[in-house]
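Just so it is clear, the model here is predicted, and its values are computed rather than measured.
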Amino acid sequence: MTIALDRPKKTKSAQIREKLGYPIIDTDVHTQEFPPAFLDYLEQVAGTAMPTAGYAYAQRFQEGGSAWGTSLYADIIWHWETRNKQHLLSNNNLAIIDKEALVELYTRYDGELVDGRLDQIGDGLGFHHQLLSPEDPGELDEFELAGIDQPEDVRDRFLNHFYFSTESDDTRVSQAFNRAANPFSDACGGQSQRVKAFLGSDSGHWDVPDITAVTANAYSMAEHEIITEEDLRYFLSIHPLELYTSLNQDFFKGTGVEKAANEYLAAKK
C-alpha cells in the first residue's frame, strides 16, 4: 500500500526552491528502501510521469561520491604522466642501464656489504635479479587497451561521461568544482571543467528525518561559500539534465521539469 506523505506547504526547501530558476533533480539507489512513499513524494514535486521514468533510472546509479571521482580523475592523469610508454622508455628502461657503472658505484660506496654478491646486482642484491632486463618485458604501454595516447584523452572521456552522485551535506563536493586544483585548470575545450557531481541524497536513511529538507542542505554550501551559486546550479540541475537527456531526450517528458529540460536541449543545438 502506498503511504501518502503529509508535507507542510512551506518547508525550508520549498522556500529555497522558489528562489532558484532551474529544476532540482535528485537520484540515488537508496530510494528503493521506501519506494511507495518516495514515489508519492516524487509525483507531488515533479509530476505524474516522473515516478515511472525517474525511479527506473535511479536504481542504475549508486552513490559514488564526488570526492572519490575527483581523486580518481586526478590520479589517472598523474599516473599517465609517469607511466606512459614514452616516459618509461626514457626514464625507467632497465634495458639501458649501464651495468658496468652500476658495479663500480656499488663497489666504491658499499664495500663489504656487497662483497661476493655483485653478480646479483639489479634487484636489491638478491631478489629476482634475472628480471633486471628480461628478454621480453611484455607490453610497456599500460594505457594501450584504453586507447589513451595523451592526458587530454583522459580528460575528455572523464568529464564527458562520468557522473558522481553526492550527499546534499557532503562539503567535499567542492573538490569536484575546484577548477584551480583539478587537472587542466586552464582552458578545457569549452567544457565546464567540473567533475560531474550531482545531488544524490540518502533520503531513505534513518539519519534524514525530513526528506523535504535535503535541498536546503545543498543550498547551505553556497551560503557558506563552499561552492559558488553557479556550481550549485550544475550540482542540482545541469549535470542531472546532461546525464538523463544523453540517455533519452524525452526522459523528462510529462514531468514538472519538462520545460527546463527542453530549454536545455535547445540551448545545446
Side-chain angles (χ1 to χ4, degrees), residues 12-13 16-30 57-58 60-81 151-203 208 213-247 251-252 257 260-261 263-265 267-268:
K12 186 176 181 181
S13 285
I16 291 174
R17 177 66 186 86
E18 291 177 350
K19 300 177 182 179
L20 303 179
Y22 48 82
I24 300 169
I25 306 160
D26 186 6
T27 181
D28 195 301
V29 71
H30 296 103
Y57 273 89
R60 289 190 178 188
F61 298 93
Q62 298 203 25
E63 179 184 331
S66 57
W68 171 79
T70 305
S71 175
L72 177 64
Y73 171 51
D75 283 347
I76 292 175
I77 289 181
W78 292 337
H79 276 70
W80 186 92
E81 290 175 350
E152 288 82 0
D153 294 335
V154 178
R155 176 201 65 189
D156 295 343
R157 295 185 189 185
F158 209 98
L159 297 188
N160 283 321
H161 300 290
F162 297 138
Y163 293 79
F164 301 91
S165 63
T166 303
E167 300 279 6
S168 65
D169 58 353
D170 188 347
T171 57
R172 293 174 300 170
V173 71
S174 61
Q175 297 176 29
F177 297 148
N178 189 342
R179 286 162 286 168
N182 290 332
F184 297 100
S185 57
D186 298 321
C188 194
Q191 300 177 58
S192 67
Q193 301 182 48
R194 296 171 174 87
V195 173
K196 294 186 185 299
F198 69 112
L199 178 62
S201 172
D202 279 338
S203 53
V208 184
V214 169
T215 307
N217 282 335
Y219 190 78
S220 68
M221 290 193 288
E223 289 182 317
H224 291 95
E225 299 183 349
I226 296 171
I227 60 176
T228 67
E229 291 199 0
E230 181 186 24
D231 292 332
L232 184 69
R233 183 167 179 257
Y234 277 88
F235 183 60
L236 295 178
S237 182
I238 296 298
H239 287 161
L241 283 172
E242 287 179 352
L243 172 61
Y244 292 118
T245 58
S246 68
L247 300 170
F251 183 85
F252 294 105
V257 298
E263 290 174 348
Y264 164 76
L265 290 170
K268 289 188 65 177

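Here the side chains of I238 and E242 are in contact, with some heavy-atom distance below 4.5 Å. The shortest side-chain heavy-atom distance between L241 and E263 does not fall under the 4.5 Å cut-off. The shortest distance between side-chain heavy atoms of L159 and V195 falls below 4.5 Å. At a threshold of 4.5 Å between non-hydrogen side-chain atoms, the residues L72 and F162 do not count as touching. Side-chain contact between R172 and W68: absent, with no pair of heavy atoms (C-beta onward) separated by less than 4.5 Å. Within the 4.5 Å cutoff, the side chain of F164 has no heavy atoms near those of the T70 side chain. Side-chain contact between R155 and Y73: present, with at least one pair of heavy atoms (C-beta onward) separated by less than 4.5 Å. Looking at heavy atoms from C-beta onward, F235 lies in side-chain contact with M221 at the 4.5 angstrom threshold.
Residues W80 and P151 share a closest heavy-atom pair of CZ3-CD, 3.3 Å. Residues P240 and Y234 come closest through the heavy atom pair CD-O, 3.8 Å. Contact between A176 and A197 at its shortest, heavy atoms only, is CB-CB, 3.9 Å.
For Y219, there are no ring pair (Phe, Tyr, Trp, His ring centres under 6.0 Å) partners at least two apart in sequence or on another chain. Under the salt bridge (Lys or Arg N to Asp or Glu O under 4.0 Å) criterion, E230 pairs with R194, not counting sequence neighbours.
Put simply, the side chain of N178 never gets that close to the backbone of S174: no donor and acceptor are under 3.5 Å apart. The closest donor-acceptor contact from the side chain of T166 to the backbone of S66 lies under 3.5 Å. At least one donor-acceptor pair under 3.5 Å links the side chain of N182 to the backbone N or O of Q175.
Side-chain contact, D231 with T228: a donor N or O sits under 3.5 Å from an acceptor N or O.
To the nearest 0.5 Å, atoms CZ (F252) and OH (Y244) are separated by 7.0 Å. Expressed to the nearest 0.5 Å, how far NZ of K268 lies from OG1 of T245 amounts to 5.5 Å. Taken from CD in E152 to CZ in R157, the straight-line distance is 12.5 Å, to the nearest 0.5 Å. Between atom CG of residue L243 and atom CZ of residue F251 there is a gap of 8.0 Å, rounded to the nearest 0.5 Å. Atom CG of L232 and atom CD1 of I227 lie 5.0 Å apart (nearest 0.5 Å).
Residue-environment remark: CD (E81) exceeds the threshold of 12 foreign heavy atoms within 6.0 Å.
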